[in-house]
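Predicted model, so just to flag it, every value in this text is computed and none were measured.
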Amino acid sequence: MTMSYPTHEDTAQLMEQILYEVKRVVVGQDRFLERVMVAILAQGHLLVEGVPGLAKTLTIKTLADTVTGNFKRIQFTPDLVPSDLVGTRIYNQKTGDFSTSLGPVFTNLLLADEINRAPAKVQSALLEVMQERQVTIAGVSHKLPAPFLVMATQNPIETEGTYPLPEAQVDRFMMKVLVDYPTDEEEFVIVQRVTGPAVTVSSVATTDQLAALQQECRRIYVDPSLVQYAVRLVSSTRNPARHGMKDLERFITFGASPRATINLTEGARALAMLRGRSYALPEDMADLVPDVLRHRLVLTYEALAEGLTADAIVGKIMAKIPQPAKPLAHEKLAA
């Protein structure tokens with residue numbers, strides 16, 4: 001049995017319908033919405049950071065409402081334990097047997113709200129979930145439903161009662177997106193919508209359609225020169241001197257892992273697909289570099305003392321590493 005892939009016209013129409021429904025509720029945040037769609041198509045997880053009240057949770061919940069799949073929200077708190085997420089074994093006194101109760105991670109779209117408010121032992125429960133997309137309870141592995149995506153939010157300004165995310169978990173997020181304040185015009189429309197009649201979002205896509213879109217995304221052509229560009233960018237975060245940036249060595253303790261290279265390639269595919277192309281261009285990848293790398297760099301105390309951010313270092317690396325040339329017309333046709 002051969003799988004039928006959606007055409008580019010079908011893909012564009014479905015994406016347009018999803019974004020239309022979300023934007024009936026959410027005002028502005030176009031870049032954030034684009035990154036959410038990239039994460040869905042590339043089967044990656046998303047970490048969203050912004051001050052309270054910027055519609056982070058609302059955006060993710062509204063997106064879940066447009067898809068006829070399962071959606072669950074977990075409010076992370078300091079008193080959570082791993083079994084609250086993945087499930088546990090329950091003893092039945094009548095039968096004398098143990099039964100498995102699966103946790104809320106068994107869903108299609110998981111919203112981990114304020115993920116940095118849970119301790120490390122809870123965070124570690126998500127490692128297997130996010131990478132292998134399965135949960136092991138009492139030696140038995142339980143597969144998560146497909147598609148499965150984790151979208152986590154965190155608040156950058158309130159540090160009381162929060163815990164730093166383990167590096168192993170941070171690396172499992174495809175992108176870290178920073179959400180900024182709306183413009184004056186957008187804020188005016190926000191007030192009108194919130195104080196006006198409630199908007200009901202319609203479901204326009206199924207999980208099967210999402211799975212087909214993800215398979216279609218894997219067929220987007222990425223030129224080897226573009227993959228090499230991603231390799232050079234990520235390698236520069238580990239060994240800047242090798243790429244002519246010896247002055248950056250004192251600012252970086254640890255660079256990005258190979259997951260960053262993979263995520264850049266998959267993200268470029270997804271962004272090209274969103275932009276209506278069957279091949280990725282250098283600007284597709286360049287647009288995603290800050291989001292893919294910013295949370296993977298571990299800076300030195302010297303960098304922090306000088307007020308350098310991960311975004312500033314990524315900007316210096318991008319300025320030094322040249323983008324590959326765009327593919328020629330005959331190469332596009334071959335792709």
Side-chain angles (χ1 to χ4, degrees), residues 39-40 42-50 56-57 60 70-91 98-156 158-177 234 237-238 253-263 266 291-299 310:
I40 288 177
Q43 304 181 54
H45 307 295
L46 198 64
L47 180 61
V48 186
E49 184 176 287
K56 302 183 297 296
T57 303
I60 297 170
N70 294 323
F71 166 76
K72 289 180 182 175
R73 175 182 179 272
I74 303 176
Q75 179 65 55
F76 278 63
T77 55
D79 60 345
L80 276 182
V81 294
S83 59
D84 292 333
L85 271 63
V86 299
T88 186
R89 297 273 286 172
I90 299 175
Y91 178 69
F98 284 92
S99 61
T100 301
S101 175
L102 300 179
V105 297
F106 286 85
T107 184
N108 296 117
L109 185 56
L110 177 67
L111 171 58
D113 215 359
E114 295 191 272
I115 192 170
N116 56 337
R117 291 200 174 275
K121 67 176 182 179
V122 179
Q123 303 291 349
S124 62
L126 287 176
L127 296 181
E128 184 184 19
V129 172
M130 295 174 67
Q131 182 63 35
E132 280 78 26
R133 287 173 165 77
Q134 67 177 25
V135 170
T136 302
I137 302 174
V140 180
S141 296
H142 304 269
K143 287 289 183 183
L144 293 168
F148 172 73
L149 298 168
V150 175
M151 295 193 184
T153 67
Q154 65 178 16
N155 179 355
E158 189 178 7
T159 57
E160 185 177 351
T162 62
Y163 302 83
L165 298 184
E167 291 301 326
Q169 184 184 3
V170 170
D171 195 41
R172 280 164 165 77
F173 284 104
M174 178 183 182
M175 292 181 288
K176 179 181 179 181
V177 181
V234 175
T237 67
R238 305 175 199 144
T253 304
F254 296 104
S257 73
R259 278 199 188 100
T261 312
I262 296 169
N263 290 160
E266 295 287 7
D291 297 317
V292 172
L293 292 184
R294 68 163 54 97
H295 58 298
R296 292 184 158 95
L297 300 187
V298 179
L299 305 185

Side-chain touch [X]/[Y], heavy atoms, less than 4.5 angstrom:
{"X": "F106", "Y": "H142", "answer": "yes"}
{"X": "L80", "Y": "I74", "answer": "yes"}
{"X": "L144", "Y": "V129", "answer": "yes"}
{"X": "L47", "Y": "M175", "answer": "no"}
{"X": "I137", "Y": "L102", "answer": "yes"}
{"X": "L85", "Y": "F76", "answer": "yes"}
{"X": "D171", "Y": "R296", "answer": "yes"}
{"X": "T153", "Y": "L111", "answer": "yes"}

Contact summary for [X] and [Y], nearest pair of heavy atoms:
{"X": "A152", "Y": "I115", "value": "CB-CD1, 3.8 Å"}
{"X": "Q134", "Y": "S141", "value": "NE2-OG, 3.7 Å"}
{"X": "A256", "Y": "R238", "value": "O-NE, 2.6 Å"}
{"X": "N155", "Y": "N116", "value": "O-ND2, 3.8 Å"}
{"X": "P82", "Y": "A125", "value": "CB-CB, 3.8 Å"}
{"X": "L297", "Y": "A310", "value": "CD1-O, 4.2 Å"}

Atom pair [atom1]/[atom2] of [X] and [Y] - distance to nearest 0.5 Å:
{"X": "R172", "Y": "Q123", "atom1": "CZ", "atom2": "CD", "result": "12.0 Å"}
{"X": "I262", "Y": "S257", "atom1": "CD1", "atom2": "OG", "result": "8.0 Å"}
{"X": "R133", "Y": "E128", "atom1": "CZ", "atom2": "CD", "result": "12.5 Å"}
{"X": "L149", "Y": "T107", "atom1": "CG", "atom2": "OG1", "result": "10.0 Å"}
{"X": "F173", "Y": "N263", "atom1": "CZ", "atom2": "CG", "result": "12.0 Å"}

Go through the steps for T88 and S101 under the test side chain to side chain donor-acceptor pair (under 3.5 Å), then give the verdict.
-> CA-CA 5 Å; T88 186; S101 175; over 6 Å; no
Stepwise, does the side-chain contact (heavy atoms from CB on, under 4.5 Å) test hold for H45 with M174?
-> CA-CA 5 Å; H45 307 295; M174 178 183 182; 5.6 Å; no
Among side-chain atoms of Q154 and E114, is any donor-acceptor pair under 3.5 angstrom?
-> no
Just checking, is any N or O donor in the side chain of T77 or R117 under 3.5 Å from an acceptor N or O on the other one?
-> no
Apply side chain to side chain donor-acceptor pair (under 3.5 Å) to R259 and Q131, showing your working.
-> CA-CA 11 Å; R259 278 199 188 100; Q131 182 63 35; 3.1 Å; yes
Can you check whether A138's main-chain N or O pairs, donor with acceptor, with R89's side chain at less than 3.5 Å?
-> no
Taking the side chain from N108 and the backbone from P147, do they hold a donor-acceptor pair closer than 3.5 Å?
-> yes
Just say parallel, tilted or perpendicular for the rings of Y91 and F98, cut-offs at 30° and 60°.
-> tilted
Salt-bridge criterion met for D291 and K176 (N-O under 4.0 Å) = no
Could you go through the side-chain contact (heavy atoms from CB on, under 4.5 Å) check for I40 and M151 one step at a time?
-> CA-CA 10 Å; I40 288 177; M151 295 193 184; 3.9 Å; yes
Might you work through the side-chain contact (heavy atoms from CB on, under 4.5 Å) test for V234 and L293, ending with a clear yes or no?
-> CA-CA 8 Å; V234 175; L293 292 184; 4.3 Å; yes
